[in-house]
There are 2 protein chains.
Amino acid sequence: MKETFAPLAGGRRATGGGGAPPAPAALAAKVRTLAPSMTRSMQRVAEAVAGDPAGCAALTVTGLAELTGTSEATVVRTARLLGYPGYRDLRLALAGLAAQQQSGRAPAITTDIAVDDPIADVVAKLAYDEQQTLADTAAGLDTVQLGAAVAALAAARRTDVYGIGASGLVAQDLTQKMLRIGLIAHAPGDTHLAVTNAVQLRAGDVALAITHSGSTGDVIEPLRVAFERGATTVAITGRPDGPVTQYADHVLTTSTARESELRPAAMSSRTSQLLVVDCLFVGVAQRIYESAAPALAASYEALAHRHGALRGDRGR
Amino acid sequence: MKETFAPLAGGRRATGGGGAPPAPAALAAKVRTLAPSMTRSMQRVAEAVAGDPAGCAALTVTGLAELTGTSEATVVRTARLLGYPGYRDLRLALAGLAAQQQSGRAPAITTDIAVDDPIADVVAKLAYDEQQTLADTAAGLDTVQLGAAVAALAAARRTDVYGIGASGLVAQDLTQKMLRIGLIAHAPGDTHLAVTNAVQLRAGDVALAITHSGSTGDVIEPLRVAFERGATTVAITGRPDGPVTQYADHVLTTSTARESELRPAAMSSRTSQLLVVDCLFVGVAQRIYESAAPALAASYEALAHRHGALRGDRGR
DNA sequence: GACCGAACCGAAAATATCTTTCATGAGTGA
DNA sequence: TCACTCATGAAAGATATTTTCGGTTCGGTC
């Protein structure tokens, strides 16, 4: 009998070793995010869980193992990977998810975009998918990590942002915005430049890498250099277990939406990354509001001026 | 290889003789209804359960017993009385209830982002705003104009995309994607380059200008040149009455969401522009599917290879 | 005021469920 | 081909839940 002590029910559960708190409704997103790093058996389990939360919530660990043709151990492993201490907690979350789905509106499942879809359908489906991506990302974002990253950025002497390809544009977006509120940020255009820059970083600086795959060498390399130089490093990636996280003090996970031939992964990852970047920006702007406010106002001013040149500027 | 393939999870005990199916969300009511027929200890348990479903869902039977100063047996008895086969099922229902309650009180995000908003609120509000922007954009997009622009792009000998600042990133995004499916597109980095390029355009080419304000000279100028050279011109702008539309054969309108000091207009306009650009891209990819398909597949391949380097698996 | 019966209640045994360990074998890269 | 890693499930081990059973309290009765 372990009469230890009442485990202080009300409060938040002590986040186990994982670091990522259990997801409430972001489970489907999490499954998609982590699916690539799962083994086949675990994928089967994850698929079953994501496909029928209500049904799986009614199953014991043994039942789910049999249903998916795997073993109890695999089920537990999957639960762990999804961020729960064990199957019991996954099951609880599943029940919650099922209840939400039930009470909520229809799942509104959309089909993939087809080659012969009329243009109006394309618009509707793309908009829906991106909205979904945003919701997933927001739900799956670790606010603790985010807060830490914000704090680091706000206090940084200078910030380097690394990204290649589509992620490079996101990197530039963040850089532009940071410059606009008076922070020093760079987004080196190519890898060599990035590494050269990274060498200059030291404690108190921040290096931020953006890569969907989590394994883009061109981005990892400068981050590694920055990491070793003592800079605070942040990674924005869709693969929280990818190599890039090895050198990241803080990891921000972007969601991975289902993709189709006509809707490459790059689209949803970009949407997801931009949301994260926006969150970082706003968070930082809050922190340094005193000094950022004039800059923000100045931006306003400049824009208003442009608009003013137009016509009756219906402001706002 | 024991592909026994368990038919259904049915193996579990049938719901006891009770006959009453587990209550979904009417738990609080049920507690009140049954309270009179409960013993004192059971009432304590029922009260705790009804008062803090989320908290109780996190407790084991022992924990709840201690919290209420009763015993496990009493907790189980209470669960039975409430219509569940046992505590385990009550707990599951509790988790569902908690999730429902949580999701129920979501619409508090109608306010602007404040300086002292906690980071979690920032995430929620930003995501919500961007979703709103997407919905607005999709609703306001003229599919006829869009279709015409798609047709022009798909048939173009070459395409120039103009954009400055944040819009410049969107321009680059479109350019990257078009190149990836074998179309010739450029996004000149500065105005002079843009104009120089524009001079080369002629009938059968497309020039596409992206500007939120609709009056950005750096973007209008090259578009004007292209227009006069006989190229088909497209404008993506938030001001369908702005100067830029003067030289545009097709105008695609982006939505302008409300902005606040901490959420500059650039954010929502970017989201909006990207959606439009994605629609253009997908539309074009549909039109030239025959030639684009191999390129799209090749992109896939390249990505898969990257992933392959990470770990061995490629489901999907 | 004392006795009796019934029902409440909790401690601990019994059972079910979940978690961990460990040996095996499939797949991979050299 | 061989060594090696890692996924995998069987079974042991740990926890949680359910049941059993006897003590206790309360209300009614004589």
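Letters go in sequence order (proteins before strands), and every chain restarts at 1. Values below: all heavy atoms of this structure, side chains included; hydrogens, waters and symmetry mates excluded.
- Salt bridge status for B/Asp173 with B/Lys177: present, with a side-chain N to carboxylate O gap under 4.0 Å.
- A/Thr74 has a side-chain polar atom (N or O) that falls below the 4.0 Å cut-off from OP1 or OP2 of D/dG9.
- In this model, no side-chain donor or acceptor of A/Arg40 finds a partner on the base of C/dG27 within 3.5 Å.
- Between the C1' atom of D/dA7 and the CG atom of A/Leu81 lies a distance of 13 Å, rounded to the nearest Å.
- No more than 12 heavy-atom neighbours from other residues, nucleotides or ligands sit within 6.0 angstrom of CD on A/Glu47.
- In summary, the side chains of A/Ser268 and A/Thr133 do not present any donor paired with an acceptor at a separation below 3.5 Å, with no hydrogens or angles considered.
- Computed from coordinates, the A/Leu92 CG to C/dT17 C1' distance equals 14 Å when rounded to whole Å.
- In this structure, A/Val277 and A/Ile210 have side chains that are in contact, with non-hydrogen atoms separated by less than 4.5 Å.
- Here C/dC8 is the nucleotide among C/dT19, D/dT18, C/dC8 with the atom lying nearest to any side-chain atom of B/Thr39.
- Minimum atom distance to the side chain of A/Arg77 is reached by D/dT8, of the listed D/dT17, D/dT8, D/dT20.
- Minimum atom distance to the side chain of A/Ala73 is reached by C/dT20, of the listed C/dT20, C/dC18, D/dT17.
- In this structure, of C/dA11, D/dG9, C/dC9, it is C/dC9 that holds the atom nearest to the side chain of B/Ser41.
- The nearest whole Å value for the distance from the CE atom in A/Met38 to the P atom in D/dA7 is 13 Å.
- To the nearest angstrom, P of C/dC9 lies 9 Å from CD of B/Gln43.
- Of the listed nucleotides (C/dA11, D/dA16, C/dT17), D/dA16 has the atom at the smallest distance from the side chain of A/Arg88.
- Rounded to a whole Å, the CZ atom of A/Arg44 is 8 Å from the P atom of D/dT8.
- Rounded to an integer number of Å, the gap from B/Arg91 CZ to C/dC18 P is 10 Å.
- In this structure, the CG atom of B/Leu64 is 15 Å from the C1' atom of C/dG10, given to the nearest Å.
- Atom P of nucleotide D/dT17 and atom OH of B/Tyr84 are separated by 16 Å, given to the nearest angstrom.
- Partner of A/Ile236 under the side chain to side chain contact (heavy atoms under 4.5 Å, CB included) criterion, out of A/Leu280, A/Val244, A/Val170, A/Leu174: A/Leu280 alone.
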